[in-house]
Amino acid sequence: MDDKFLKPYNSSATESRIYTAWEKSGLFNPDECVKRGFAKTDSPKYSIVLPPPNVTGRLHMGHALMLAVEDIFVRYKRMCGYRTLWTPGTDHAAIATQSVVEKQIKKEENKSRHDLGREELLKRIGVFANESHDTIVSQLKTMGASLDWSREAFTLDETRSRAVRTVFKRMYDAGLIYRGLRIVNWDPKGQTTISDDEIVYEERAAKLYTFRYSKDFPISIATTRPETKVGDVAVAVHPDDARYTAFVGKEYDAVFCDVPIHIKIVADKEVDPTFGTGAVGLTPAHSHVDWEIADRHLLSHEVIIINEYARMTVAGRLLDKKTTEAREVVIEWLKEEGLLEKTEDTVQNIATAERTSGIIEPLPKLQWWIEVNKPIPGRGKTLKELMLEPVRSGAIKIIPEYFEKTYFHWIENLRDWCISRQIWYGHRIPVWYRGEEISVGIEPAEAGWTQDEDTLDTWFSSGLWTFSTLGWPDDTDDFKNYHPTDLLETGYDILFFWVARMILMTEFTIGDIPFKTVYLHGMVRDAQGRKMSKSLGNNLDPLDITAKFGADAARMALVVGNTPGTDMRISEDKVKGYKHFSNKLWNIARFILENTVDTPQNHVGRTTSYMSDSDKKILSELDVLTKEITNDIDEYRIYLAAEKIYHYAWHELADKIIEESKPILAGSDVAAKESRAILLILLLTRVLKLLHPFMPFITEEIWQSMPTKDSEFLMVAPWPVVE
RNA sequence: GGGCGAUUAGCUCAGCUGGUAGAGCAACGAGUUUACACCUCGAAGGUCACAGGUUCGAGUCCUGUAUCGCCCACCA
């Protein structure tokens, strides 16, 4: 027996050594597995693409969970003999990364991006992104992720950029990408547009003011933003509201806080007659809803009164004031003029930017959009329909199933997707201008043309991830061999951001699904059930946890009992429990190896024919469990499979079988001894295999000390098949 | 306002297609027997939120109620 078993299991001394050995073997690469006979050329394939972590720093526990789950499926399938590919990569994460670096520069050098200029800022972000990348890669390895590093990708590298430009051009040519002046969510702090999904609503106390534009104006209106009223072009009332029908269609002029305004009274069923006065002042340029109502009544969109810095642009006393200051000025003016009728306290949901927490200012801007409701030429279906169909038909299965309802609900309410961003880090929009001419191309236009200044929403490139990582748009073997992928595993929080966009992009570009199954894990919370955050200081760092308890223990703690779609709580105590289990397993191996040394030379060769009926029965009980566990993994119940093998190893094998073996092994019945020794070796072998996907390091380490093994590495040893 | 989920042992949670409740942790009692104190053995702990219904039988299916949580929309 190996002397290493004389000491308690030491994860930190073992795990990095084992990972290096795996990497050196080349067996994370399916081509190598085929070459060495661990998979056949005609074996079925199994492919997963790693959801690319943002290069914004380091990984958190949510990533650790993701890696554990994906690695379990990958290792299981690899052992089952599939040509198994798990592709690694990272995401440039556009706005997230740029804002991290911008904050850093602001703090250290008190400079803005405009002080540095585009080129210099991109250089700095590049350096930061590289450092983050290296940190992330080493963290991925620490968790034991069996990724094929020879195929690593980055959303902003050359191949992926070409994929982005190619898809952009195809969508443009199909008439699905257009440039249009629309109200956007403008983030004055980040100085960029953001999508609807990047908005976070915050409840804040606010005041609702009721007033008239002027003394002779016939209708009172209510608003929380009086400063925007200088941009009003109309008052809308409900068509059935008897109080106001006499005024509908009339027009009035007024001077509101030094600003001349022209107001038309319109009737629109959007208006809630029970709210406020039942009449709403319309500011088309600074409100989504008002813009739409204005559209229906052919009202002007052009009265812009707030700029990109959230300052007023109207002449008079409001000029250049911040919107919040302007509000006070307007209230004062209303009071002086005797126009203010009522002030009430109310609670308002304020739209803020997820990344910068700046308050969103809706502004009309010329932006690039993807149209989701327009039939695609030659296919007759809209992008929306392309997103719905594969999930409806079952071609894509979402786990847990109830998220399919959420998915449908979201798609049905989907509006056009704004894909341009006024930031510099990302894929520059592949559009060039020369005077009135526009050119959209995969390669840069010739001299004399100027490229669009904006970049693409980061989800545009991640939407292509399943096929761009396989070398598309080139006609590669990888693309032919491994697409569509089998499993997409990610947190339910990005079902809309990402999963939906991948389906959209892949269905449009390839005419196929990107993946067959979507496995959604829940959020990882602290022991009290709170979200982990920097400000709360309750972050568990995966690196600390693995250093303390081992990656195997961390993986088990994240997986056991953690059903898909449900949030989970994690604490150091929980991980500690599985560190104890690591040591238990270690001692099981020690006992078995120590006590079977003198018995049959070649246990595998002699096998069950030398075993007693009662020992055979013990083996067949494990066969039943093997079947169950295999079935659980196949059905995505890894939270159960992990618990079952844990329970068997500790409470059956250790507590019962080993205990009752002690007198047998110490006794004088040679046949019984031999039978028992073979049994124990076979049970241990089986347990190591069943446990390997969950706890890869310790099982591999023990495997290396087994007297007989059917494969050089447990990682590629055949999964036990029970008839 | 619309949608989704949860409610099971002190705590965290399992319980797949209906067959008289399970795990881990905590707490309690005993123990140092040459695999392991990162251990062993033992005992304790639940009208499965509530009310109806379907069924020979319901934690599991149906209806309703209550409480909690999440997502979407965003009312000026």
Side-chain angles (χ1 to χ4, degrees), chain A residues 1 5-9 11 196-197 199 201 203 206 208-210 221-226 228-229 232 235-236 270-283 286-290 293 346-351 400 402-415 492-493 495-496 522-523 525 527-529 549-550 553 556-557 560-563 565-571 573-574 576-595 628 631-632 635-637 639-640 642-644 646-647 650-651 654-655 658-659 661-663 666 680:
Chain A
M1 190 195 64
F5 287 106
L6 298 176
K7 291 183 196 143
Y9 177 62
S11 59
D196 294 342
D197 314 291
I199 290 177
Y201 286 94
E203 272 205 351
L208 183 67
Y209 304 98
T210 305
I221 57 166
T223 183
T224 51
R225 295 197 65 187
T228 63
K229 299 294 103 183
D232 281 10
V235 165
E270 273 293 283
V271 180
D272 176 0
T274 65
F275 185 87
T277 62
V280 51
L282 295 185
T283 327
H286 299 285
S287 153
H288 284 103
V289 182
D290 294 6
I293 298 178
T346 180
V347 179
Q348 203 186 8
N349 270 333
I350 305 256
Y402 60 76
F403 267 103
E404 291 184 0
K405 288 184 205 162
T406 316
Y407 179 82
F408 294 140
H409 190 249
W410 182 78
I411 307 257
E412 276 148 21
N413 294 315
L414 187 66
R415 295 188 288 182
Y492 65 71
D493 55 332
L495 176 64
F496 307 136
M523 302 298 106
R525 296 168 176 280
Q528 281 84 49
F549 307 109
M556 282 296 274
V560 173
N562 182 13
T563 44
T566 310
D567 291 353
M568 69 161 318
R569 301 178 183 206
I570 192 133
S571 60
D573 277 349
K574 194 169 178 186
K576 201 163 141 196
Y578 291 102
K579 178 188 154 53
H580 294 174
F581 177 60
S582 302
N583 198 54
K584 187 72 185 179
L585 189 69
W586 192 246
N587 281 290
I588 289 170
R590 175 183 168 178
F591 177 88
I592 292 178
L593 293 175
E594 203 168 43
N595 286 285
E628 254 181 59
N631 193 246
D632 283 335
E635 304 289 325
Y636 301 98
R637 292 188 296 264
Y639 54 97
L640 269 185
E643 192 180 338
K644 281 178 186 169
Y646 167 93
H647 194 262
W650 200 318
H651 301 297
D655 289 352
I658 286 185
E659 285 309 317
S661 300
K662 285 176 182 173
L680 289 175

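Model, not experiment: these values are computed from the prediction. A note on names: the letters A, B, ... follow the listed sequences, proteins ahead of strands, and every chain is numbered from 1.
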So, the side chain of [X] versus the backbone of [Y]: is there a donor-acceptor pair under 3.5 Å, distance only?
X: A:Asp567; Y: A:Gly522; answer: no
X: A:Lys229; Y: A:Gly281; answer: yes
X: A:Asn583; Y: A:Tyr9; answer: yes

Every protein N/O within reach of nucleotides 72-76 of chain B N/O, cut-off under 3.5 Å:
| residue | atom | partner | partner atom | Å |
| --- | --- | --- | --- | --- |
| B:C74 | OP1 | A:Arg415 | NH2 | 3.3 |
| B:C74 | OP2 | A:Tyr201 | OH | 3.4 |
| B:C74 | N3 | A:Asn349 | ND2 | 2.8 |
| B:A76 | OP1 | A:Gln348 | NE2 | 3.4 |
| B:A76 | O3' | A:Thr223 | OG1 | 2.9 |
| B:A76 | N6 | A:Asp272 | O | 2.7 |
| B:A76 | N6 | A:Phe275 | O | 3.0 |
| B:A76 | N1 | A:Asp272 | N | 3.4 |

Report the distance from atom [atom1] of [X] to atom [atom2] of [N], rounded to the nearest whole Å.
X: A:Phe403; N: B:C71; atom1: CZ; atom2: P; result: 10 Å
X: A:Tyr402; N: B:G69; atom1: OH; atom2: P; result: 17 Å
X: A:Arg525; N: B:C11; atom1: CZ; atom2: P; result: 19 Å
X: A:Lys576; N: B:C38; atom1: NZ; atom2: P; result: 9 Å
X: A:Met523; N: B:C4; atom1: CE; atom2: P; result: 20 Å

*Please check the phosphate of B:C16 (OP1 and OP2 only) for any side-chain N or O of A:Tyr636 closer than 4.0 Å.*
no
*asked:* Could you work out, with side-chain hydrogen bond (donor to acceptor under 3.5 Å, both in side chains) as the rule, every residue matching A:Thr563, not counting sequence neighbours?
replied: A:Thr566
*For A:Asp290, side-chain hydrogen bond (donor to acceptor under 3.5 Å, both in side chains) partners two or more places apart*: A:Ser287
Could you tell me how far [M] sits from [N] if I compare only their [atom1] atoms? Round to whole Å.
N: B:U33; M: B:U40; atom1: C1'; answer: 9 Å
N: B:C38; M: B:U32; atom1: C1'; answer: 16 Å
N: B:G57; M: B:G53; atom1: P; answer: 12 Å
N: B:C61; M: B:G29; atom1: C1'; answer: 43 Å
N: B:A23; M: B:C41; atom1: P; answer: 14 Å
N: B:A21; M: B:U47; atom1: P; answer: 13 Å
N: B:C72; M: B:A14; atom1: P; answer: 23 Å
N: B:G59; M: B:A9; atom1: C1'; answer: 14 Å

_Distance in Å, A:Asn631 CG paired with A:Leu640 CG, rounded so as to fall on 0.5 Å steps_ = 10.5 Å
*Atom CD1 of A:Ile293 and atom NE2 of A:His288: how far apart are they, to the nearest 0.5 Å?*
13.5 Å
*Which nucleotide in B:A14, B:G5, B:C16 has an atom nearest any side-chain atom of A:Arg637*: B:C16
_Test ring pair (Phe, Tyr, Trp, His ring centres under 6.0 Å) applied to A:Phe496 and A:Trp410, A:Phe408, A:Tyr407, the passing residue_ = A:Trp410
Could you run down the sub-3.5 Å N/O contacts of the protein with nucleotides 21-31 of chain B?
| residue | atom | partner | partner atom | Å |
| --- | --- | --- | --- | --- |
| B:G24 | OP1 | A:His651 | NE2 | 3.1 |

_Would you say that more than 12 heavy atoms from the other residues, nucleotides or ligands in this model lie under 6.0 Å from the NZ of A:Lys576, or not?_
no
*side-chain contact (heavy atoms from CB on, under 4.5 Å) with A:Lys574: which of A:Met568, A:Arg569, A:Met556?*
A:Met568
*A:Phe581 vs A:Trp650 aromatic rings, parallel, tilted or perpendicular, using cut-offs 30° and 60°?*
parallel
*Given the side-chain rings of A:Tyr492 and A:Phe403, with only the six-membered ring counted for Trp, is the space between their centroids under 6.0 Å?*
yes
*pair A:Val235-A:Ile221: side-chain heavy atoms closer than 4.5 Å*: yes
*Is there side-chain contact between A:Glu659 and A:Asp655, with at least one heavy-atom pair below 4.5 Å?*
no
_Taking the nucleotide of RNA chain B with the nearest heavy atom to each, does A:Pro8 or A:Asp567 sit closer to the 5' end?_
A:Asp567
*Base, sugar-phosphate alone, or nothing: which one does A:Ser582 contact when heavy atoms must sit under 4.0 Å apart?*
nothing
*Donor-acceptor pair between A:Thr274 and A:Asp272 side chains, under 3.5 angstrom*: yes
_Counting runs of three or more consecutive pairs, Watson-Crick or G-U wobble, with each distance below 3.5 Å, where are the stems of RNA chain B?_
B:1-7 with B:66-72, B:10-13 with B:22-25, B:28-31 with B:39-42, B:49-53 with B:61-65
Look for any protein N or O under 3.5 Å of an N or O in nucleotides 34-37 of chain B and output each such pair with its distance, or none.
| residue | atom | partner | partner atom | Å |
| --- | --- | --- | --- | --- |
| B:A35 | OP1 | A:Lys662 | NZ | 3.3 |
| B:A35 | O2' | A:Asn587 | OD1 | 2.7 |
| B:A35 | N7 | A:Lys662 | NZ | 3.2 |
| B:A35 | N6 | A:Ala654 | O | 3.2 |
| B:A35 | N6 | A:Glu659 | OE2 | 3.0 |
| B:A35 | N3 | A:Asn587 | O | 3.2 |
| B:C36 | O4' | A:Asn587 | OD1 | 3.0 |
| B:C36 | O4' | A:Asn587 | ND2 | 3.4 |
| B:C36 | O2' | A:Asn583 | ND2 | 3.4 |
| B:C36 | O2 | A:Lys584 | NZ | 2.9 |
| B:C36 | N3 | A:Lys584 | NZ | 2.7 |

